[in-house]
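In what follows, residues are counted from 1 in the order of the sequence shown. No experiment lies behind these values; they were computed from the predicted model shown. For the numbers below, each heavy atom of this structure counts, side chains included, while hydrogens, waters and symmetry mates do not. Atoms within a ligand are numbered from 1 in the order they appear, just like the ligands themselves.
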Amino acid sequence: MNYLEIKDLQVEDISSKKTLLKNISFNIKENEILAIAGESGSGKSLTCKAILNLLSSNLKLKGSIKLNGKEILKDEKQIRKNFSVVLQEAMGAFDPMFSIKEHMFESIKEKSNKKQKLEKCKYFLKEVGLNDINKILKSYANELSGGQLQRVMIAIALLEDTNIIIADEPTSALDTINQKQIVEIFKNLKNKTIIFISHDLAIISYISNRTIFFKDGEIIEEDNSYAKYLKSTQKKLSERFLECLR
Ligand SMILES: Nc1ncnc2c1ncn2[C@@H]1O[C@H](COP(=O)(O)OP(=O)(O)OP(=O)(O)O)[C@@H](O)[C@H]1O
């Protein structure tokens with residue numbers, strides 16, 4: 001059964017009358033990792049923002065987003081309850097005035113005392129492969145490396161205890177070693193439904209069995225297996241996309 005059903009999402013820029021997303025429809029099963037690929041400006045991030053109801057006021061959103069059969073389009077409460085986000089630029093997600101510990105405490109929704117909160121933070125920081133956890137908790141974002149910050153952001157998404165994580169280019173700003181480690185963390189997450197956006201088709205083929213390809217605000221192709229594509233002799237749109245990246 002489909003867990004998340006996106007149907008006919010359409011985003012229009014009312015100031016320019018331009019349609020930015022056209023009939024975006026796709027489904028995700030519970031605990032599946034779905035990858036989204038596509039060239040720059042093709043509508044990947046906009047689709048995520050539409051799902052999260054984070055579109056700017058000049059953009060008009062239409063369509064349907066069902067979670068477990070229930071309509072949640074623009075339903076702030078349901079979105080906050082069910083979705084977490086991990087972004088490309090980790091630094092921008094952190095307020096420079098607050099320590100990592102303060103950020104992490106903020107994202108714990110359930111009632112718990114300070115000691116319980118601290119234990120939880122430490123647990124998830126370990127889960128994402130961080131060492132020297134006491135020092136990290138005391139740090140501010142500008143005192144950590146990109147790889148460390150990205151891990152903290154994933155730990156925060158896990159602390160939020162939501163079912164779905166949208167990861168928008170979470171590895172793009174990282175070096176190859178950190179990219180691999182972060183991809184590994186996502187791949188090994190248990191009981192999470194993940195929408196994973198990346199330009200990197202090697203990463204995409206590793207993390208997910210199912211990829212949707214965007215072009216000019218539309219889904220141009222859904223590929224169940226990148227390996228299948230590699231074997232294919234037919235020149236498909238995804239192949240052309242790959243060639244563009246070479
Ligand atoms: N707030 C906005 N107002 C008007 N147009 C927008 C807005 N946000 C995005 N767009 C336009 O929508 C299109 C899709 O943008 P989007 O950010 O989804 O691309 P993307 O596929 O995520 O690209 P990238 O890989 O470079 O991040 C682009 O043409 C962009 O200029």
Quick one, list the residues around ligand 1 where some non-hydrogen atom comes in under 4.0 Å, by chain and residue number.
Asp13, Leu20, Glu39, Ser40, Gly41, Ser42, Gly43, Lys44, Ser45, Leu46, Ser56, Asn58, Leu59, Glu169, His199
With side-chain contact (heavy atoms from CB on, under 4.5 Å) as the test, would you mind laying out the steps for Ile194 and Ile164 before giving the verdict?
CA-CA 6 Å; Ile194 300 171; Ile164 307 167; over 6 Å; no
Pair Glu102-Ser99, side-chain donor/acceptor within less than 3.5 Å
yes
Kindly say whether the aromatic ring centers of Phe98 and Tyr140 come within a distance under 6.0 Å.
no
May I ask you to decide whether Glu32 forms a salt bridge with Arg210, counting only side-chain N to carboxylate O separations under 4.0 Å?
yes
So, are Lys190 and Glu127 salt-bridged, with charged N and O less than 4.0 Å apart?
no
In this structure, which one of Lys74, Gln78, Glu76 forms a side-chain hydrogen bond (donor to acceptor under 3.5 Å, both in side chains) with Asn53?
Glu76
